[in-house]
Trainee: 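First the structure, which I've put down as structure tokens, then a few questions once you've had a look.
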Number of protein chains: 2
Amino acid sequence: MALGKDYDGQRDCAMARGLELIGERWTMLIVRDAFYGVRRYSDFLAHLEMPRAVLAERLSALTAAGILTKRRYQESPAREEYLLTDAGLALWPVLASIGTWSARYVMGGKVHRLYTHADCGERLVGGSVCPLCGVVDPAEVELRPGPDADLEREDPVSVALREPKRLLVPIRA
Amino acid sequence: MALGKDYDGQRDCAMARGLELIGERWTMLIVRDAFYGVRRYSDFLAHLEMPRAVLAERLSALTAAGILTKRRYQESPAREEYLLTDAGLALWPVLASIGTWSARYVMGGKVHRLYTHADCGERLVGGSVCPLCGVVDPAEVELRPGPDADLEREDPVSVALREPKRLLVPIRA
DNA sequence: TGCGTAGGTTCGTTGACTGAACCTAGGAGT
DNA sequence: ACTCCTAGGTTCAGTCAACGAACCTACGCA
């Protein structure tokens with residue numbers, strides 16, 4: 001966001017303070033991709049089609065905020081990956097509620113992605129509640145393309161999401 | 001947001017499309033204030049301490065998006081107010097989940113505001129669920145300052161929020 | 001020697017956010 | 001009649017974040 005990402009007059013409001021961390025452009029889409037199993041800079045980049053500099057800045061901000069952790073998964077050549085922390089995992093209800101609202105009021109009821117409870121196969125309501133089992137952990141959520149999905153993109157993330165997959169399972173072996 | 005509020009590569013994703021509408025700086029705080037019972041330009045302005053031009057732009061964008069409606073509540077002199085539509089009211093779970101996450105992971109567990117179910121007095125979990133009665137309509141939510149609240153500000157909205165009040169009840173008679 | 005990949009940094013340009021000033025139109029006070 | 005006040009805006013110059021293209025580093029491989 002331009003000129004000040006914080007809301008000085010709202011230090012007392014949890015929503016405002018939260019938005020200072022997760023309310024910047026691209027940030028929640030990076031977190032969404034992390035739930036989709038994206039872990040690498042290059043995969044975020046190809047899927048989000050955002051400026052490299054902004055991605056680097058956001059990844060380090062999210063790491064500093066304790067939402068992601070950076071881990072070296074290979075030495076020589078050095079390779080890094082970004083994983084959700086507990087605080088990051090706790091953001092699933094936020095993403096889910098945005099998705100639910102938008103599916104209804106922005107996408108006009110078209111179903112581009114389907115979320116089900118991996119244990120029982122039931123379709124989730126509000127993105128994180130199973131009508132049979134109650135609140136569902138993100139790791140128990142399975143997603144798959146819905147009837148109105150667009151399956152044209154060819155980046156590694158879009159390709160991986162063409163078949164059913166659980167949240168948080170990495171898109172690469 | 002600077003340079004393009006939309007996410008062109010993500011036309012297929014409900015979360016991304018939703019964020020194009022509600023993800024801009026200040027937008028969700030305006031919606032939050034609308035839930036708090038704020039309806040007038042000047043009250044939004046005094047409480048949010050944001051640039052007038054941005055407020056005017058956001059109010060008209062939210063109106064165009066069908067989240068708020070503009071209504072003339074008085075002729076001569078002409079006075080306008082902004083009210084949440086059904087699509088706007090449906091955003092409560094989004095705000096509530098952000099607030100819940102932030103209260104835990106950003107505010108460090110301090111309780112600046114308390115949300116209770118107006119019918120039974122029970123404290124809400126996740127900002128919109130009563131442990132006894134289930135999912136609660138925003139109009140049934142009562143909020144009051146918590147033990148860690150900051151009660152220093154003197155604008156009309158902050159003053160009105162110093163005592164218990166239901167969401168959506170206007171802050172002025 | 002050259003090419004490819006992963007994970008960045010640098011840099012000039014564009015444009016959204018900022019804050020202050022200004023505008024309109026009707027009351028209200030003196 | 002003149003001034004001040006309120007509500008709801010618009011205008012404008014300056015700043016700084018986002019953009020995107022180019023560049024960089026370090027290693028592996030042919």
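Because the structure is a prediction, the values reported are computed rather than measured. Letters A, B, ... are given to chains in the order of the sequence lines, protein chains preceding strands, and every chain is numbered from 1.
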Trainee: Atom CD of B:E81 and atom P of D:dG8: how far apart are they, to the nearest Å?
Mentor: 9 Å
Trainee: Would you indicate, yes or no, if D:dG8 has its OP1 or OP2 atom less than 4.0 angstrom from a side-chain nitrogen or oxygen of B:S42?
Mentor: yes
Trainee: Could you state the CE-C1' distance from A:M50 to D:dA21, rounded to the nearest angstrom?
Mentor: 16 Å
Trainee: Are OP1 or OP2 of C:dT18 and a side-chain N or O of A:Y7 less than 4.0 angstrom apart?
Mentor: no
Trainee: Just wondering, do A:L19 and A:L21 contact through their side chains at under 4.5 Å, heavy atoms?
Mentor: no
Trainee: Looking at A:R25, does any N or O in its side chain come under 4.0 Å of the phosphate oxygens OP1/OP2 on D:dC19?
Mentor: yes
Trainee: Atom CG of A:L55 and atom P of D:dA18: how far apart are they, to the nearest Å?
Mentor: 12 Å
Trainee: Using a heavy-atom cut-off of 4.0 Å across all strands, would you classify A:V54 as base, sugar-phosphate, or nothing?
Mentor: sugar-phosphate
Trainee: By nearest nucleotide on DNA chain C, pick out whichever of A:A53 and A:A78 is the more 5' one.
Mentor: A:A78
Trainee: Should B:Y41 be listed as having a side-chain N or O under 4.0 Å from OP1 or OP2 of D:dT10?
Mentor: no
Trainee: Could you check how far CZ of B:R52 sits from P of C:dC23, rounded to whole Å?
Mentor: 14 Å
Trainee: When you measure from the side chain of A:W26, which nucleotide among C:dC17, D:dA18, C:dA6 comes out closest?
Mentor: D:dA18
Trainee: If only side-chain N and O atoms of B:R40 are considered, is one of them under 4.0 Å from the OP1 or OP2 phosphate oxygen of D:dT6?
Mentor: no
Trainee: Please state how far atom CD in B:E57 lies from atom P in D:dG8, giving the value in whole angstrom units.
Mentor: 18 Å
Trainee: Side-chain N or O of A:S76 versus OP1/OP2 of D:dA26: is the shortest distance under 4.0 Å?
Mentor: no
Trainee: What is the separation between atom CG on B:L45 and atom P on C:dT18, rounded to the nearest whole Å?
Mentor: 12 Å
Trainee: Side-chain donor-acceptor pairs under 3.5 Å in residues 78-96 of chain B, sequence neighbours left out?
Mentor:
residue: B:E80; atom: OE2; partner: B:R72; partner atom: NE; Å: 3.1
residue: B:E80; atom: OE2; partner: B:R72; partner atom: NH2; Å: 2.7
residue: B:E81; atom: OE2; partner: B:R71; partner atom: NE; Å: 3.2
residue: B:E81; atom: OE2; partner: B:R71; partner atom: NH2; Å: 2.5
residue: B:T85; atom: OG1; partner: B:G66; partner atom: O; Å: 2.5
residue: B:T85; atom: OG1; partner: B:I67; partner atom: O; Å: 3.2
residue: B:T85; atom: OG1; partner: B:A87; partner atom: N; Å: 3.3
residue: B:T85; atom: OG1; partner: B:G88; partner atom: N; Å: 3.2
residue: B:W92; atom: NE1; partner: B:G127; partner atom: O; Å: 3.1

Trainee: When you measure from the side-chain N and O atoms of A:R72 to the phosphate of C:dG7, is any distance below 4.0 Å, counting only OP1 and OP2?
Mentor: no
Trainee: When you measure from the side-chain N and O atoms of A:K5 to the phosphate of C:dT18, is any distance below 4.0 Å, counting only OP1 and OP2?
Mentor: no
Trainee: Quick one: label B:Y82 by what it contacts on the DNA or RNA (base, sugar-phosphate, nothing), any heavy atom closer than 4.0 Å.
Mentor: sugar-phosphate
Trainee: Nearest whole angstrom, please: distance from the P of C:dG19 to the CG of B:L48.
Mentor: 13 Å
Trainee: Enter the distance from A:D12:CG to B:L161:CG here, rounded to the nearest 0.5 Å.
Mentor: 10.0 Å
Trainee: How are the rings of A:Y36 and A:H47 set relative to one another: parallel (under 30°), tilted (30 to 60°) or perpendicular (over 60°)?
Mentor: tilted
Trainee: Please give, in whole Å, the distance from D:dG8 P to B:R79 CZ?
Mentor: 6 Å
Trainee: Could you tell me the separation between the CZ atom of A:R17 and the OH atom of A:Y7, rounded to the nearest 0.5 Å?
Mentor: 13.0 Å
